[in-house]
Amino acid sequence: MKPLDQVLPPSAAVTAEGHLSIGGCDLVELAEEHGTPLVVYDEGALRGMARAYRAAFAALAPDVDVIYASKAYFGQAMLRLANEEGLCVDVASGGELFAALRAGFPPGRIYMHGNNKDAREIREALAAGVGTVIVDNLDEIDLLAREAAAAGVRQDVLVRVTPGVKPSTHSYISTGQIDSKFGFSIEGGPARAAVDAVRAAGSLDLIGLHCHIGSQLFDLSGYGAAAAIVADFAASCGGDDLRVMDMGGGLGIAYTGEDRPAAVEDYAEAVVEAVRGEWGRVGLPMPRVLVEPGRSIVGRAGVTLYRVGGVKEIPGVRTYASVDGGMSDLMRPMLYGAVYEPLLANRAEAEPTQTLRLVGKHCESGDVLVSEAALPPVGPGDLVCLPATGAYGVSMASNYNGVTRPAVVFVDGGSARLVTRRETYDDLVARDM
Ligand SMILES: *Cc1c(COP(=O)(O)O)cnc(C)c1O
């Protein structure tokens, strides 16, 4: 097998028949039973990451809340698992709020995000009793203040600020710079105006600040840089209401054998020590720290299985192997040029002797899953496993070309349970009047 240990869930193994297994379940058998594409999550790995996060922060600071960023994968089974493991949840729309409530999350442990919450979503959040709303623009502060007053409630609020830090990641997932659709810039005054507006609203309680500098970060120094700027800003605001500092998410994961992500423990130390040090420097008491990991909780725990159909060799150019999914279940290669490393689930120990292009079945030339895939010779019926697809895979899925979205299975201790059924053709036309 290729040296992909760090991209597969820790329970990955090869069976006597040479099949890849996860959580004690043979992936070839799972694909036969449930069809392909199939998303398989290792439940032990999901719980393991949730626990590692809580333990790493608990060791460094009291009452840190770890908030699962549900947009990474918001299936009901995952939301219930996050709740069971003592995580809070962040939602970025009315739909994600609905899903979190349906999964049984106590409203007080829900954090409501979004850069354009509409009146309906704000009313839904207030009616549910969502614990904290993170505000993103002045119009929204106005709307939230009016709706909260009308509902007769006082709403806890964090102000999302952009510290002007540009971490080294893809520009589409970099959010901390000043020129961003997210948050209030500290530079130039918008963040101060937001703090003043929330303080002035009788129906809103300002409890702290939020910043999320970006995603898929390997370099932890960005958190220190952001904390320094936000601490100066907090000190300049005066008052003693800024008791909470939400440092966002962003810890990267390995997608290939070459990636070297930071450990959760190192990330926790970087974040907590940055806040402790910077708040100390400006003479403010240590705030309660919140973090919002998404990708790093679910990414490595999930793999996607695809069945190879046609294989086409263009002499002197390259070989294309087409699979039965593509951009409809995994947008990241098209969206960010993300690189994945596939392996064969049905011949896991065969040597990768060729490079081919692994493509999806959609009517787009850009529907490429892996541009340069090192694989053994493949033919129709082979089962490709794409590791590290647990985050931003099915949560970004579409029905392009009338392709039905995949089923999702959780595996653990040798047994598998279907947690989301595959879409049907009837589902595809169900909403058309
Ligand atoms: C997406 C997002 C996260 C999670 O980011 P990851 O990189 O998946 O950890 C956290 N907070 C906010 C505000 C986000 O938009």
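If you read the sequence from its start, that first residue is 1, and numbering goes on from there.
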Novice: Can the ring centres of Tyr223 and Tyr267 be said to be less than 6.0 Å apart?
Specialist: yes

Novice: Going by atom type alone, with no hydrogens or angles, which donor-acceptor pairs under 3.5 Å involve a side-chain atom of residues 54-63 and a protein atom two or more places apart or on another chain?
Specialist:
{"unit_1": "Arg54", "atom_1": "NH1", "unit_2": "Glu85", "atom_2": "O", "d": "3.1"}

Novice: Hey, do the aromatic rings of His113 and His210 have their centres closer than 6.0 Å?
Specialist: yes

Novice: Does Glu269 pair with Arg276 as a salt bridge, N-O distance under 4.0 Å?
Specialist: no

Novice: Under 4.0 Å between a Lys/Arg side-chain N and an Asp/Glu carboxylate O for Asp232 and Arg281?
Specialist: yes

Novice: Please determine, by modelled atom types, if Thr36 and Asp324 share a side-chain donor-acceptor pair under 3.5 angstrom.
Specialist: yes

Novice: Side chains of Tyr41 and Leu46: closer than 4.5 Å at any heavy-atom pair?
Specialist: yes

Novice: Is Arg295 reaching over with its side chain to a backbone N or O of Ala69, donor-acceptor style, under 3.5 angstrom?
Specialist: no

Novice: What pairs of residues pass the side chain to side chain donor-acceptor pair (under 3.5 Å) test when at least one of them lies in residues 144-158, not counting sequence neighbours?
Specialist: Arg123-Glu147, Arg154-Asp205

Novice: Judged by atom type as modelled, is there a donor-acceptor pair below 3.5 Å linking the side chain of Arg192 to the main-chain atoms of Ser236?
Specialist: yes

Novice: Take a 6.0 Å sphere around CZ of Phe74 and say whether it holds more than 12 heavy atoms from other residues, nucleotides or ligands.
Specialist: no

Novice: Has Arg288 got a side-chain atom pairing as donor or acceptor with Met245's backbone, closer than 3.5 angstrom?
Specialist: no

Novice: Return yes if a side-chain donor-acceptor contact under 3.5 Å exists between Thr404 and Arg422, otherwise no.
Specialist: no

Novice: Under 6.0 Å between the ring centres of Tyr68 and Tyr53?
Specialist: no

Novice: Measuring only between side-chain heavy atoms, which start at C-beta, is Asp241 closer than 4.5 Å to Arg199?
Specialist: yes

